[in-house]
Amino acid sequence: MTYTPATQDQLLAIRVNAGIEELAKSEKFAAAEPDMVEAIVEGVGQFAAGEFAPLNRVGDLEGAKLENGVVRLPDGYAEAYAEYVEQGWNAIASPEEFGGQGLPFTLACNVLENLGTANMAFNLLPMLSVGAIEALEHHGSEELQQKYLPDLVSGKWSGTMNLTEPQAGSDVGALRSTAHAIEDGEHAGKYLIKGQKIYITWGEHELAENIIHLVLARLPDAPEGSRGISLFVVPKYHVKPDGSLGARNDLRCVSLEHKLGINASPTCVMSYGDNDECIGELVGAENRGLAAMFTMMNNARINVGNQGVQIGERATQQALGYAQDRVQSARAGSPDKNPVSIIEHPDVRRMLLRMKALTEGSRALLYYTAGQVDRGVLGDEAAKTRGEVLTPLIKAWGTDIGIEVASLGIQVHGGMGFVEETGAAQHWRDSRIAPIYEGTNGIQAADLVTRKLGLDNGEALIGLTEDIAREAADEPALFALAGDCAAIAKWMRKDATLDDRLAGSVPFCTMLSVATAGWQLLRQLRAVENGEAPALAKTKKASVRFFLDRIVPEAAGLKAAATAGAQPLYELDTAALLG
């Protein structure tokens with residue numbers, strides 16, 4: 001269960017896939033010089049291994065507990081979070097005017113990668129705070145920003161997002177929480193919030209001094225559906241004009257969910273306004289809350305894709321360690337009949353290389369996406385659009401990879417993987433939530449074949465496939481996969497019905513993700529062959545070749561599913577399907 005930061009592979013991805021040196025040429029990101037980048041990557045890796053990783057197992061075993069309305073975490077969590085705040089890791093990419101360092105989003109992704117690989121459940125706390133900062137930075141008034149951002153940026157306060165209600169899951173427009181304007185008195189100009197939210201990650205805890213909830217609710221006479229939703233900032237403790245904390249707001253954690261994994265992350269049922277005294281402040285314009293919340297969600301979608309990388313790295317490291325130590329059977333075909341470490345057996349070697357290749361591929365895609373987001377911040381509209389196309393890929397495929405790699409990790413352990421004491425099962429259990437978070441992977445694929453497919457009249461997505469094909473001319477399988485993706489995209493735009501597109505969305509999303517990840521791995525391999533990251537010279541060639549020669553051809557086999565259309569799904573009517 002030990003964790004060694006994947007520093008060299010991270011630095012390679014940051015340099016080659018994110019293009020950090022090019023970003024540092026801009027005035028905004030000039031501080032991201034090589035020495036600074038290396039110091040951050042190495043420093044947060046050491047911090048994560050020393051502070052977060054030792055708490056991973058105890059967090060799984062003991063979990064978060066609700067006692068008399070207070071959420072308690074296992075011993076060590078409060079101290080580790082205080083050290084996280086003290087060292088300034090929460091402030092990496094936040095605005096300098098509010099105490100942040102103003103560095104690229106790429107480096108903030110690296111902070112979260114290391115923390116999440118060390119302890120995925122714990123990492124959800126800073127991950128959501130980063131999203132809350134993003135939402136307030138882009139949509140909050142100057143008054144709200146001055147009031148809330150400095151302590152959110154430092155990590156002294158934490159943030160949440162409150163969308164889901166019992167009757168309103170993916171259909172956020174069905175929410176029933178209400179907001180009523182306060183006309184006079186101490187809180188005139190603010191709103192009374194009332195309602196219940198479920199699945200609120202880190203919705204209650206004692207690690208931060210205050211919790212800033214971003215809550216979606218509906219004003220009186222608001223339009224029906226998603227067009228009538230507003231966003232409110234609702235603090236756990238009221239904030240006085242001088243910035244100090246006042247009385248507790250009228251909100252509470254009703255219960256904690258009993259989950260498959262991420263047990264150290266308190267997933268709360270939150271109740272607002274039980275005594276009709278819950279005070280919130282409007283973020284942005286009335287009835288425009290969903291647009292503001294999506295700023296936070298889009299940030300979170302990339303960071304959830306990052307969770308797939310995190311759990312893949314942790315599961316791979318544990319499987320490699322076990323396969324080296326576990327001795328069983330002679331290697332088939334060897335004249336030496338003495339038992340060997342199972343890492344020497346062909347099928348175990350296949351699983352381990354697959355785990356490594358998939359993890360490195362998802363990491364390459366993560367940092368390529370982050371680099372495009374950073375270029376969008378600098379005003380590069382083409383990169384901004386490319387980042388929009390990539391976001392559903394890293395979220396959906398990245399989290400699918402996390403599950404596959406964690407599952408393979410159990411398989412490498414054999415029967416011991418199914419025994420909780422080894423810890424291999426925790427990685428799979430923790431990984432399983434990520435494809436559901438921030439819009440299920442089916443929703444990500446639907447977004448890809450609807451809105452993203454039509455960006456720039458279809459040229460945004462086609463341009464991606466053309467870039468892949470151009471650089472993969474000497475890699476027949478990858479070149480062919482890029483061509484298949486382009487052909488499917490054109491079919492979906494010209495000939496397919498909406499149902500046809502949705503029916504083929506998930507296999508198409510996987511194909512395009514694998515093509516993009518393979519392209520970015522190819523760029524890494526060429527950089528290593530030209531002298532970059534000499535420590536990876538042997539391992540990178542093996543993992544990239546495995547990806548290009550085995551995983552890319554598998555993805556090509558999904559073309560039939562992507563183009564089969566919706567009609568086969570409805571050959572059975574509902575009654576017949578139910579039996």
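Nothing here was measured: the structure is a model prediction, and the numbers come from that model. Start at 1 with the first residue, then count along the sequence. What you see below is based on every heavy atom in this structure, not just the backbone, and it leaves out hydrogens, waters and symmetry mates.
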For the side chain of Thr359 and the backbone of Met355, is there at least one donor-acceptor N/O pair under 3.5 Å apart?
yes

Is the shortest side-chain N to carboxylate O distance from Lys395 to Glu438 below 4.0 Å?
no

Is a side-chain N or O of Tyr3 found less than 3.5 angstrom from the main chain of Ala48, in a donor-acceptor match?
no

Enclosure of Gln411 CD (heavy-atom neighbours >12, cutoff 6.0 Å)
no

Nearest heavy-atom neighbours spanning Ala477 and Pro553
CB-CG, 4.3 Å

Applying salt bridge (Lys or Arg N to Asp or Glu O under 4.0 Å) to Glu421 and Arg57, what does each step give before you reach the verdict?
CA-CA 10 Å; Glu421 283 77 2; Arg57 188 62 177 153; over 6 Å; no

Any side-chain donor near an acceptor of the partner, Ser129 and Asn90, under 3.5 Å
no

Identify the heavy atoms of Leu521 and Ala364 that sit nearest to each other, and give their distance.
CD2-CB, 4.2 Å

Can you tell me how far apart OG1 (Thr510) and CD1 (Ile551) are? Round to the nearest 0.5 Å.
12.5 Å

May I ask you to say whether Lys356 pairs ionically with Glu360, meaning some side-chain N is under 4.0 Å from a carboxylate O?
yes

Taking Ser431 for the side chain and Trp428 for the main chain, is one N or O donor matched with an acceptor at less than 3.5 Å?
yes

What's the verdict on salt bridge (Lys or Arg N to Asp or Glu O under 4.0 Å) for Lys452 and Glu388, showing C-alpha distance, side-chain angles and the deciding distance?
CA-CA 7 Å; Lys452 303 303 167 59; Glu388 291 179 20; 5.6 Å; no

Using modelled atom types only, decide if a donor and an acceptor are shared between the side chain of Asn441 and the backbone of Ala396 within a distance under 3.5 Å.
yes

Find the distance between CG (Leu112) and CG (Asn123) and round it off to the nearest 0.5 Å.
5.0 Å

Mind telling me whether Tyr81 and Phe122 have parallel, tilted or perpendicular rings, with 30° and 60° as the class edges?
tilted

What's the separation between atom CG in Asp430 and atom CG in Leu260, rounded to the nearest 0.5 Å?
8.5 Å

Closest approach of Ala78 to Leu207 (non-hydrogen atoms, all atoms of both residues):
CA-CG, 4.0 Å

Suppose the criterion is salt bridge (charged side-chain N to carboxylate O under 4.0 Å, His left out): which pairs have a residue in residues 557-570, not counting sequence neighbours?
Asp484-Lys559

Give every residue pair that meets the ring pair (Phe, Tyr, Trp, His ring centres under 6.0 Å) criterion with at least one member in residues 308-334, sequence neighbours excluded.
Tyr322-His413

Is a side-chain N or O of Ser341 found less than 3.5 angstrom from the main chain of Ile343, in a donor-acceptor match?
no

Under 4.0 Å between a Lys/Arg side-chain N and an Asp/Glu carboxylate O for Asp467 and Arg386?
yes

Modelled atom types, side-chain donor and acceptor of Trp202 and Ser265, under 3.5 Å:
yes

Go through the steps for Gln317 and Arg314 under the test side-chain hydrogen bond (donor to acceptor under 3.5 Å, both in side chains), then give the verdict.
CA-CA 5 Å; Gln317 288 192 17; Arg314 190 63 181 269; 5.8 Å; no

Apply salt bridge (Lys or Arg N to Asp or Glu O under 4.0 Å) to Arg354 and Glu554, showing your working.
CA-CA 12 Å; Arg354 186 177 185 86; Glu554 286 176 11; 2.9 Å; yes

Tyr368 backbone acceptor or donor facing Asn17 side chain under 3.5 Å:
no

Does Ser543 use its side chain to pair, donor to acceptor, with the backbone of Thr539 at less than 3.5 Å?
yes

Do Gln10 and Asn114 have side-chain atoms, one donor and one acceptor, less than 3.5 Å apart?
yes

Enumerate the side-chain hydrogen bond (donor to acceptor under 3.5 Å, both in side chains) contacts for residues 41-53, please, sequence neighbours excluded, ordered by first and then second residue.
none

Side-chain donor-acceptor pair present, Tyr367, Asn110, cut-off under 3.5 Å
yes

One thing to verify: whether Glu313 and Arg363 come together as a salt bridge, which I'm taking to mean a side-chain N less than 4.0 angstrom from a carboxylate O.
yes

Could you tell me whether the side chains of Arg526 and Gln524 share a donor-acceptor contact shorter than 3.5 Å?
no

Carboxylate-amine/guanidinium contact Glu532 Lys540, below 4.0 Å:
no

Residue pair Gln426 / Arg429, side-chain donor-acceptor N/O under 3.5 Å
no

Looking only at heavy atoms, what is the nearest atom pair of Ala18 and Arg375, with distance?
O-NH1, 2.8 Å

Note, Met492 side chain near Asp500 side chain (heavy atom, < 4.5 Å)
no

Could you go through the side-chain contact (heavy atoms from CB on, under 4.5 Å) check for Leu103 and Ile40 one step at a time?
CA-CA 11 Å; Leu103 289 164; Ile40 288 172; 3.5 Å; yes

If you look at every heavy atom in Cys268 and Gly203, which pair is closest and at what distance?
SG-N, 3.7 Å

So, Asn303 versus Gln307: side-chain donor-acceptor pair below 3.5 Å or not?
no

Could you pull out the closest heavy-atom pair between Ile410 and Ala425, with the gap in Å?
CD1-CA, 4.0 Å

Short question: side chain of Glu21, backbone of Ala32 - any donor-acceptor pair under 3.5 Å?
no

Between Lys538 and Ala535, is there a donor-acceptor pair closer than 3.5 Å when you use the side chain of the first and the backbone of the second?
no

Answer yes or no: is there an ion pair linking Arg15 with Glu38, defined by an N-O contact shorter than 4.0 Å?
yes

